[in-house]
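The next block holds one structure in the form of structure tokens; read it before the comments.
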Amino acid sequence: MKKSVFLGTLAAAALAGGFASATTLEDVQAAGTLNCGVSTGVNGFSAPDANGVWQGFDVAVCRAVAAAVLGDPMAVNFVPTTGQTRFTALASGEIDLLARNTTWTFSRDVDLGFTFVGVNYYDGQGFMVPRELGVSSATELDGATVCIQTGTTTELNLADYFRVNNMSYEPVPIETNAEAQQQYLAGACDVYTTDASGLAATRASFETPGDHVILPEIISKEPLGPLVRQGDDQWADINRWVLNALIAAEELGVTSANLEQMAAGTDNPEINRLLGTEGDLGAMLGLSADFARNAIAAGGNYGEIFAATIGEATPIGLARGLNAQWTQGGLIYAPPFR
């Protein structure tokens, strides 16, 4: 018994002495690149532009993390993933972070062994149909053919909704948003169902968006957010507090336009702590004092990112709604930087 205890002590000492494997932060810094999992293409959230440069609301999270950790928002290798492949890519280490309109659920958090670092978009599942069908409510969809991405919460919610409402449907399984769009426009299905934000993004890409209706029913809660592998608390904390920095910056009035001025010092201690001019919060994460300043500089604060990628002035046209700051009646809220 004494021998096994002694050997256990030696093993623990060896790990403490530097034999432990590198952390995710060390891996990312050694590579000089953040491997970020995104969608295969959802306009406004994550999609390559005409020059092949990834843009969007979720992409902005990847760039903010790269800016905080590497000092360069462009030091990101974007890895397109489907509903089926995204979790394998994260679990295997192919990607360091998954920022891909992914719903935080019990089983994904606990059983699959991931850590969701926050919510960057509060969503819910909806339905889109051609206007010519004359359907005004999801309760009128009995017997419909429905395009649905496999390996998603959407698939499970759909089954629950139709069962509760004593309706039947015929699923048309698809892998990607692009495939769903193609099948839906070709008439292979009567209905396309996914997160309401995804429906708005897809409809905005149609030649005649007005020919399609997003029905009023929202049938689920879909808190979407970035996630990392369990087991590396430092890396989870880094990603969590980068997202919080973007949210806090909006609440505190720190914008891309006044960032440099604010970083010179203000009368607000929390702004000073956020931007690294007071205290030493960055060191607690193993990052520089200006990690949050770099993250905000990458694309602006949360509100600026929302407005530029999916807001009401964009083709996606989403109102803030639940994604307004808590001070404006929404759910977006960052814990204190102190």
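The figures here come from the full heavy-atom set of this structure, side chains too, leaving out hydrogens, waters and symmetry mates. The model shown is predicted, which means the values in this text are computed figures rather than measured ones.
- Here the straight-line distance linking atom OG1 of T193 with atom CD1 of I148 works out to 5.5 Å at 0.5 Å rounding.
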Go through L215 and V191 one step at a time and tell me if the side chain to side chain contact (heavy atoms under 4.5 Å, CB included) criterion holds.
-> CA-CA 10 Å; L215 300 177; V191 186; 5.8 Å; no
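- Here N166 contributes atom CG and T139 contributes atom OG1; the two are 12.5 Å apart, rounded to the nearest 0.5 Å.
- For an aromatic pair to be called close, the ring centres must be under 6.0 Å apart, and Y121 with Y302 fails this.
- For the residue pair T150 / E155, no side-chain donor-acceptor distance below 3.5 Å is found, with atom types taken as modelled.
- A salt bridge is defined here as a Lys NZ or Arg NE, NH1 or NH2 lying under 4.0 Å from an Asp or Glu carboxylate O, and D237 with R240 meets this definition.
- For the pair R108 and F87, the NZ or CZ position fails the cation-pi test of under 6.0 Å to the six-membered ring centre and within 45 degrees of the ring normal.
- Between H212 and Y184, a ring centre-to-centre spacing shorter than 6.0 Å is recorded.
- Taken from CZ in R320 to CG in L331, the straight-line distance is 11.5 Å, to the nearest 0.5 Å.
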Can you check side chain to side chain contact (heavy atoms under 4.5 Å, CB included) on I296 and L274, steps first, answer last?
-> CA-CA 10 Å; I296 298 161; L274 172 69; 4.3 Å; yes
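- A 6.0 Å sphere centred on CD of Q261 holds no more than 12 heavy atoms belonging to other residues, nucleotides or ligands.
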Kindly determine whether M74 and V53 satisfy side chain to side chain contact (heavy atoms under 4.5 Å, CB included), including the steps that lead there.
-> CA-CA 10 Å; M74 301 306 289; V53 179; 4.3 Å; yes
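- Side-chain contact between Q181 and F206 is present, with heavy atoms from C-beta onward closer than 4.5 Å.
- Counted within 6.0 Å of CD on Q182, heavy atoms from surrounding residues, nucleotides or ligands total 12 or fewer; the atom is thus considered open.
- Interatomic distance, CG of L97 versus CG of L90, reported as 8.0 Å (0.5 Å rounding).
- For the atom pair E278 CD and E270 CD, the distance stands at 10.5 Å (nearest 0.5 Å).
- Between the side chains of E170 and T145, no donor N or O sits under 3.5 Å from an acceptor N or O.
- Between the side chains of S288 and D290, a donor-acceptor pair is found at a separation under 3.5 Å.
- Partner of V69 under the side chain to side chain contact (heavy atoms under 4.5 Å, CB included) criterion, chosen from L34, I238, L285, N239: I238.
- Nearest heavy atom pair, residue S256 against residue E304, reads OG-OE2, 2.6 Å.
- A donor-acceptor contact closer than 3.5 angstrom links the side chains of S220 and E222.
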